[in-house]
Amino acid sequence: MAAESGEKWVLSVTAQTPTNIAVIKYWGKRDEELILPINDSISVTLDPGHLCTTTSVAVSPSFTHDRIWLNGKEVSLSGGRFQNCLRELRSRATDFEDEKRGIKITKKDWEKLRVHIVSYNNFPTAAGLASSAAGLACLVFSLAKLMNVKEDYSKLSAIARQGSGSACRSLYGGFVKWIMGKEDNGSDSIAVQLADEKHWDDLVIIIAVVSSKQKETSSTSGMRDTVETSALIKHRAKEVVPKRIKEMEEAIAKRDFPSFARLACADSNQFHAVCLDTLPPIFYMNDTSHRIISCVEKWNRHEGSPQVAYTFDAGPNAVLISKDRKTATLLLQRLLFQFPPQSDADLNSYVIGDKTVLKDAGIEDLKDIEALAPSPEIKENALTQRYRGDVSYFICTRPGRGPVVLADESQSLINPETGLPK
Ligand SMILES: Nc1ncnc2c1ncn2[C@@H]1O[C@H](COP(=O)(O)OP(=O)(O)OP(=O)(O)O)[C@@H](O)[C@H]1O
Ligand SMILES: C[C@@](O)(CCOP(=O)(O)OP(=O)(O)O)CC(=O)O
C-alpha cells in the first residue's frame, strides 16, 4: 500500500470558493454542536473574482499531523468545528489511484494519512465580510475533491455547515437557500440552489467597507445570547421568516426587484432589531451604517420604487444590491458624494472590484469625486454634509458562481515537493 510505503509523494488539490450575503438572515441555533438553525435563510453568492477564498490541500505519507495555514500564518486546527469537518470528510473518502505517479490510496488509508491545508482570503478576515463562510466552504470542497468524496453538493453543504452555518450556502453560485431541516442529526439541514447567477444578472452589488477591524461580538456568541435572552427572536423564527422565505423565493424566481428589496431591507433591519433585543444588547451597525440606510431609503422614496436594497451582517459594512448597472452608477455617485475619501487616498484602492461601475459614474480621479453634486433627494432635505473618510473603501461586484477546482498547478499555494506553503 503506497500510503505506508515510505514514499515521499505529495498529492494536492486547489479550489476557489465564493463568499455569500444573506438576504433572509440565519441568526440562532437549535443545536450548537451540529450547527442547526432555528429558521431557513436565503443568500446571494458574490462573484469570486472580487471576494473569495483560495485553498490548497495536500496529502502525503510524509506528513506527521494535520496542519492549516491561514493568510500566511499557521493556526490551530484543534477546534471542534475543523475537527468535525475533517472527521465527516474522512469517513466519506473513497479509493484513489494515480497510476502514472504510482499513488494508490484506499478508503482505509485516508483515516491514517494527514493533510496540510493552506488558505488565503483576498479580503479582510473576521470583519463581517463572511470569511468563515467562504473559508469553511473552501476547506470542505477542496478536501472532498482530494479525498475523492463522491457525495453530491447538498451532502457537502451539510459538512460545511458544521464548520460555520453560513458556509453551507457558499457551495453554490447564484441564489441559495439553507433549509433548516427537522431531523435531530442534521441530515436534512442542507443548502440548495434556487437559481444560478445567470438567472438574474442585472444585479450589481456595492459593498461599503465601513470597518475592516475584527468585530467585538462574533456571530457565534452573538446568536447564542440572542436565543437565550430575546423574546423577539422566537416571533421572528416562527412567524416572520417562514412567510418571508416564501415571498423571497417568489421574488427571485420572478426577478421582482421591488419585492426582493423590500424583503431584504426588512429582514436586515429585523436581524439588527433582535440583536438590540439581546441581553446585553449587540450593536453591529454604527452611525455610518445608519447614514447609508438613510441615503438609500430617501432615494427609494424619492423614486417611488426601490432602486437599491441594503443588508448588513454582523458588522457595520453595508451590502447594497442595485437593480441594474445604471442604478449602480447613480448609487456609487451618491455614496462617493456622502463618503469621499481622505485627500491623500488613492482612487484605485478606494473603489475596488469591478472598476467599470466607477468609469460609468464618470469618476476618473479624486477631483471628480470632489466635483460631484448632491443628489436631488438630499438637496431637498438640506442634508448635504459630507463624511470624509468614514468609509474605508468600496467593493463593486455582482452575483457569482460557486466553487471551482483550479487545475493550473501554478495557482497552488502548496509547494509540490515539500507539501508546505509556497
Ligand atoms: N480561508 C479560511 N480557511 C479556513 N478557515 C477560515 C478561513 N477564513 C476564515 N476562517 C475561519 O473563520 C473565522 C472568522 O469567522 P468570523 O465569523 O469571526 O468572521 P467573518 O466570517 O469574517 O464574519 P461574519 O461571519 O460575521 O460575516 C476565522 O477565525 C477562521 O477560523
Ligand atoms: C449575520 C449572519 O452573517 C450570521 C452568520 O453566522 P455564522 O455562519 O458566521 O455563524 P456560525 O454558524 O456560528 O459560524 C447571517 C447569515 O449569514 O445568514
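Throughout, residue positions are numbered sequentially from 1 according to the sequence presented. Keep in mind it's a predicted model, so treat the numbers as computed, not measured. Both ligands and their constituent atoms are indexed starting at 1 by order of listing.
Among the atoms of S41, none of the N or O lies under 3.5 angstrom from an N or O of ligand 2. Geometrically, ligand 1 and Y120 share no nitrogen or oxygen pair separated by less than 3.5 Å. Looking at ligand 1, you won't find any N or O of S218 less than 3.5 Å from one of its N or O atoms. For a threshold of 3.5 Å applied to N or O pairs, the pair formed by A314 and ligand 2 contains no separation below that value. Note: an N/O pair closer than 3.5 Å links K29 and ligand 2 by distance alone.
Distances from atom 21 (O) of ligand 1 to the heavy atoms of S76, A137, S132, S221 put S132 nearest. For the residues L139, I21, L70, the heavy atom positioned nearest atom 6 (C) of ligand 1 is part of L70. Heavy-atom proximity to atom 16 (C) of ligand 2, evaluated over M223, R169, Q162, is greatest for R169. Around atom 27 (O) of ligand 1, the closest heavy atom drawn from A130, G165, G315 belongs to A130.
For atom 4 (C) of ligand 2, the closest non-hydrogen atom on the protein side is Y26 O, 3.6 Å. For atom 8 (O) of ligand 2, the closest heavy atom belonging to the protein is S166 OG, 2.7 Å.
Under 4.0 Å from ligand 2, the heavy atoms of S132 that appear belong solely to its side chain. Residue S219 touches ligand 2 through its side chain alone, judged by heavy-atom distances below 4.0 Å. Contacts with ligand 2 closer than 4.0 Å are made by side-chain heavy atoms of I35 only, the backbone lying farther away. If you look at S219 next to ligand 1, the close heavy atoms, those under 4.0 Å, all belong to the side chain. For L136, every heavy-atom contact with ligand 1 shorter than 4.0 Å involves the side chain, none the backbone. Contacts between S119 and ligand 1, counted as non-hydrogen atom pairs separated by less than 4.0 Å, involve the side chain only.
Using a cutoff of 4.0 Å between basic side-chain nitrogens and carboxylate oxygens, K246 and E250 are not scored as salt-bridged. With salt bridges taken as basic N to acidic carboxylate O contacts below 4.0 Å, none links K326 and D360. Ion pairing between a basic and an acidic side chain is recognised when a charged N comes within 4.0 Å of a carboxylate O; D354 and R398 show such pairing. The residues R334 and E377 are annotated as salt-bridged, a charged nitrogen and a carboxylate oxygen being separated by less than 4.0 angstrom. Using a 4.0 Å cut-off between charged side-chain N and carboxylate O, E88 and R92 make a salt bridge. Taking 4.0 Å as the cut-off between side-chain N and carboxylate O, E247 and K243 count as a salt-bridged pair. Electrostatic pairing of D267 and R244 counts as a salt bridge here, judged by a charged N lying under 4.0 Å from a carboxylate O.
Using modelled atom types, one finds no donor on one side chain facing an acceptor on the other under 3.5 Å when comparing S322 with T327. At a cut-off of 3.5 Å, with distance as the only test, a side-chain donor of R236 or Q270 sits close to an acceptor on the other residue. In summary, the side chains of T397 and D47 do not present any donor paired with an acceptor at a separation below 3.5 Å, with no hydrogens or angles considered. Judged by distance alone, the side chains of T55 and T53 never bring a donor and an acceptor atom under 3.5 Å apart.
Using a 4.0 Å cut-off to heavy atoms of G165, the atoms of ligand 2 that qualify are 8 (O), 11 (P), 12 (O), 14 (O). Counting the atoms of ligand 2 from 1 in the order shown, those under 4.0 Å from a heavy atom of A22 are 16 (C), 17 (O), 18 (O). Close approach of ligand 2 to R81 (heavy-atom distance below 4.0 Å) involves ligand atoms 11 (P), 13 (O), 14 (O).
Taking 4.0 Å as the cut-off, F271 counts as a neighbour of ligand 2 on heavy-atom distance.
Ring-centre distance between F394 and Y350: below the 6.0 Å cut-off. In this structure, F260 has its ring center under 6.0 Å from that of W200.
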